[in-house]
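Naming: A, B, ... by sequence-line order, numbering from 1 per chain. Only a predicted model underlies this, so the values are computations on that prediction, with no experimental measurement involved.
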Amino acid sequence: MAEQMTGAEMVVQALIDQGVEHIFGYPGGAVLPIYDAIFQQDKLEHILVRHEQGATHMAEGYARSTGKCGVVLVTSGPGATNAVTGLTDALLDSIPLVCITGQVPTPLIGSDAFQECDTVGITRNCTKHNYLVKSIEDLPRILHEAFHIATSGRPGPVVIDIPKDVQFAMGRYFKPQAQMSHPTYKPQREGDIEAIRLAVELMLKAERPVFYTGGGIVNSGPEASRNLRELAELTGFPVTSTLMGLGAYPASGNQWLGMLGMHGTYEANMAMHDCDLMICLGARFDDRITGRIDAFSPGSRKIHVDIDPSSINKNILVDVPIVGDVNLVMEEMIRIWRAKTNQPRIEAIAPWWKQIEKWRSVNSLGFTNSDTIIKPQHAIQRLYEATRGRDVYITTEVGQHQMWAAQHFHFDQPNRWMTSGGLGTMGYGLPAAIGVQVAHRDALVIDIAGEASVQMTMQEMSTALQYNLPIKVFILNNEYMGMVRQWQELLHGGRYSHSYSDALPDFVKLAEAYGGHGIRCSDPSELDNAIDEMINVNKPVIFDCLVSKEENCLPMIPSGKPHNEMILPDTADIGSIIDEKGKVLV
Amino acid sequence: MNANLLPTGSAYFLTQQTQTPERHTLTVLVDNEPGVLARVVGLFSARGFNIDSLTVSETEHDKHRSRITVVTVATPKILEQIKLQLERLVPVHKVHDLTAEGNAIERELALVKVAGVGENRVEALRLADAFRAQVIDASTESFVFEVTGKSSKVEQFIALMAPIGLVEVVRTGLAAITRGAEGM
Ligand SMILES: Cc1cc2nc3c(=O)[nH]c(=O)nc-3n(C[C@H](O)[C@H](O)[C@H](O)COP(=O)(O)OP(=O)(O)OC[C@H]3O[C@@H](n4cnc5c(N)ncnc54)[C@H](O)[C@@H]3O)c2cc1C
Ligand SMILES: Cc1ncc(C[n+]2csc(CCOP(=O)(O)OP(=O)(O)O)c2C)c(N)n1
Ligand SMILES: [Mg+2]
């Protein structure tokens, strides 16, 4: 099946053969041949962005909401360096991306040529793998291999750097093989059956169990979410999730404890602290979860299922490590559990549930509402109520609004929640929303934003307009980099050094300047109508929601504290809680 | 209870060392593709691991396989992370911790330049003989010795040459292989 074509044509053909329908990119001298090949076909739709960082976040949103690989195309030099933030973001959040970068012609590499940069050197540590294609003979293999590596095992970003002369060269193209195999890269998918048996045995004996689930369930695909639900039902155990795993288990489920971690619920964190068996499924014991490691869940046995062996025993030592795809492992767990009993452990864990109910009654997500000023938590709750039952996708920027969204917007399905968790990249949400909308044209896609974050990639509004992508940017405008302000209140005596959002643009006029629709709301009694207006306008919308300025995002486990020392809502003086040791932590 | 009832380390209180660092020799079998050494070395620097010695060469030309021998000093827990992180790199076939597996032979080669006249020359030759070092260059006032052996032997030889008139040393870094019939 070998066909003669140019390198540029191979790129386009390989993308089509890999099932790619949309790519996000920005042209420049070193990718002109590829742009020319794109021009001459109509199977691939190219979305022209306004900044290469935007392209990477769009591809991330696209990938996370579809389960497919996101694809980015950028030019050499500044095109590649502008993509670095999004690549790093995708690496930390395990998002499958293939990013094609143009490079100066091979004879010029290393000569400080115009728009040359060492792309493979710069991106080596922020990609799962990267390639510099030195010869046209290698190109088809590398293109297909890149998709295989990006999407299998622990997903991640892969860069293919293609010099311009290779794009012009003629060579033989071949199609991807049905079964990709690689001489050295062989992720392990099946879990060790003995370890799984031991895990189920511990589960059958547990009295205070908890499922601690994460982004790995979403990575593993929709089947994994179904199996998680089945496993939860079968066992009767409570379920909590990290920020990255929200929606894998339904927030409306009876066994749902809410998110855990630094801004998680009291019941989720107390259950983690006091459990006797922790079953970690596709989560990585991040420091936002563990808090103080030597006080982390001191009395529990721990089972950890992860496809990446290096995630296991990295931060927390576990008793039963299981390397494998979490979906396959859960399937085995269900089968083995069923073979032993058909009963959930209702009676045995009844006292545990009773305890959990006590923690729940603390109502750790509570807040004092107001009828004169919009509370940010209230705004999210109204947004959630107004959009219930619709086909909704939520993206966020980074900060307090992100945490409030995680706490007060509820997800019953996976792939509906796109947020930058690992890198915490302000400016992620707006382009991510565009990427989601490209994949789901008729859905309601909302970026829950902060007024500071959203200005980092605001120019992508122009992309949204160009392609008629009616994204909704819902800004919780507190006129502060609220998360920074909160930490300054906690740790630095309330000295708000450079965290005030001064000289803000008029977001309504800004929306209109882009050709979109602007809404402003500051009165709680008008909020519902304003939200309805936002939903019903079939255009990109910027909603400037003016909220209380100095609200703190609670509950919170302060740095350096164990899980059972959370700051609960309505704590008056948060400035005196963290000691000197805690202050050096992030 | 945490695994194996070991006390856990803490990212928040890193000074609280519960394990003592050990010196280990790792063999990393890789595809000799461009950038592979940078990937391996970059991983050490990016994650704050140490490299004490590094030896690299293509060892199976037909398969483009290289062996990278790395000597590192780390706690057992960090060593495990190093190994798993290395194995995660796409062009890496296998990583062996020769120290943990035990029973490996380790050799190093050094070229040692010594300058001196009279009694010092005689003494230098006498010591070289005792260490089975070869003279590979000589002038009226200098020698270059080639010495091979365990790192400790090489160290000792260099230390003895210091008072005699040591000028400079170059070392290859460690090469290591397992004993017996089995390959990696
Ligand atoms: C301001 C801010 C505050 C935050 N506060 C919180 C907080 O309060 N609570 C919180 O939870 N997070 C919080 N985060 C996010 C946090 O930083 C981490 O990103 C997040 O906790 C990591 O989620 P995870 O453990 O699910 O891992 P992910 O980053 O989603 O990693 C997935 C894990 O699953 C594994 N995996 C992937 N695919 C598979 C598969 N098929 N099978 C098995 N395993 C697989 C991977 O190897 C990896 O170990 C916050 C972030 C920000 C920016
Ligand atoms: C690119 C980038 N720079 C800096 C930070 C540090 N940071 C985290 S949250 C935050 C403030 C965000 O402010 P805003 O978008 O208004 O959200 P709020 O917390 O007010 O809801 C900053 C500066 C970051 N996460 N990303
Ligand atoms: Mg703000």
Side-chain angles (χ1 to χ4, degrees), chain A residues 118 120-121 124-132 134 138 145 148-149 153-154 156 158 182-187 276-277 285-287 290-302 304 308-321 323 559-562 581-582 584-586, chain B residues 1-19 28-49 60 62-66 68 75-95 184:
Chain A
D118 175 10
V120 285
R124 190 170 288 129
N125 287 337
C126 67
T127 52
K128 180 171 174 185
H129 195 51
N130 63 13
Y131 301 89
L132 170 61
K134 286 219 169 134
D138 297 331
E145 200 174 284
H148 175 57
I149 290 175
R154 179 179 185 167
V158 177
H182 189 278
T184 50
Y185 171 78
K186 298 184 177 75
D276 69 348
L277 183 68
F285 293 95
D286 182 80
D287 57 50
T290 58
R292 206 175 126 177
I293 287 188
D294 53 3
F296 176 71
S297 194
S300 65
R301 290 205 166 262
K302 299 174 184 76
H304 187 185
D308 177 357
S310 73
S311 280
I312 290 174
N313 289 339
K314 178 161 69 181
N315 303 330
I316 296 288
L317 291 171
V318 297
D319 303 85
V320 187
V323 176
S559 32
K561 297 278 183 186
K581 241 180 180 175
V584 301
L585 309 173
V586 289
Chain B
M1 229 170 304
N2 283 300
N4 319 322
L5 302 174
L6 284 173
T8 50
S10 167
Y12 281 143
F13 299 98
L14 282 173
T15 44
Q16 223 180 34
Q17 282 279 357
T18 47
Q19 296 181 318
V28 190
L29 297 175
V30 298
D31 270 350
N32 188 17
E33 58 178 44
V36 65
L37 180 62
R39 261 180 232 289
V40 169
V41 173
L43 188 146
F44 276 80
S45 58
R47 296 193 172 254
F49 306 146
E60 292 166 81
D62 49 336
K63 293 188 195 151
H64 298 291
R65 262 326 142 69
S66 287
I68 302 178
T75 62
K77 196 182 155 206
I78 299 283
L79 274 165
E80 188 60 20
Q81 260 297 303
I82 293 177
K83 196 166 170 270
L84 293 171
Q85 293 288 346
L86 285 170
E87 279 172 343
R88 206 162 75 140
L89 298 177
V90 170
V92 170
H93 282 263
K94 254 190 216 163
V95 181
M184 278 181 182

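- Of the two parts of Glu87(B), neither the backbone nor the side chain holds a non-hydrogen atom closer than 4.5 Å to a non-hydrogen atom of chain A.
- Distance alone, capped at 3.5 Å, places no donor-acceptor pair between the Thr127(A) side chain and the Val158(A) backbone.
- Proximity to chain B involves both the backbone and the side chain of Pro183(A), based on heavy atoms less than 4.5 angstrom apart.
- With chain A as the partner, the residue from Glu33(B), Gln85(B), Arg39(B) showing the most heavy-atom pairs under 4.5 Å is Arg39(B).
- By the ring-ring contact (aromatic ring centres under 6.0 Å, His included) test, His93(B) is found to be paired with no residue, residues two or more places apart in sequence or in another chain being considered.
- Put simply, the side chain of Lys128(A) gets close to the backbone of Ile149(A): a donor and an acceptor are under 3.5 Å apart.
- Within the 4.5 angstrom heavy-atom criterion, no atom of Pro34(B) approaches chain A.
- Of the two parts of Val92(B), only the backbone, made up of N, CA, C and O, holds a non-hydrogen atom closer than 4.5 Å to a non-hydrogen atom of chain A.
- Salt-bridge formation is not detected for the pair Asp319(A)/Lys302(A): no Lys NZ or Arg NE/NH1/NH2 atom is positioned less than 4.0 Å from an Asp or Glu carboxylate oxygen.
- Between Asp276(A) and Arg301(A) there is no salt bridge, since none of the side-chain N atoms of the basic residue sits less than 4.0 Å from a carboxylate O of the acidic one.
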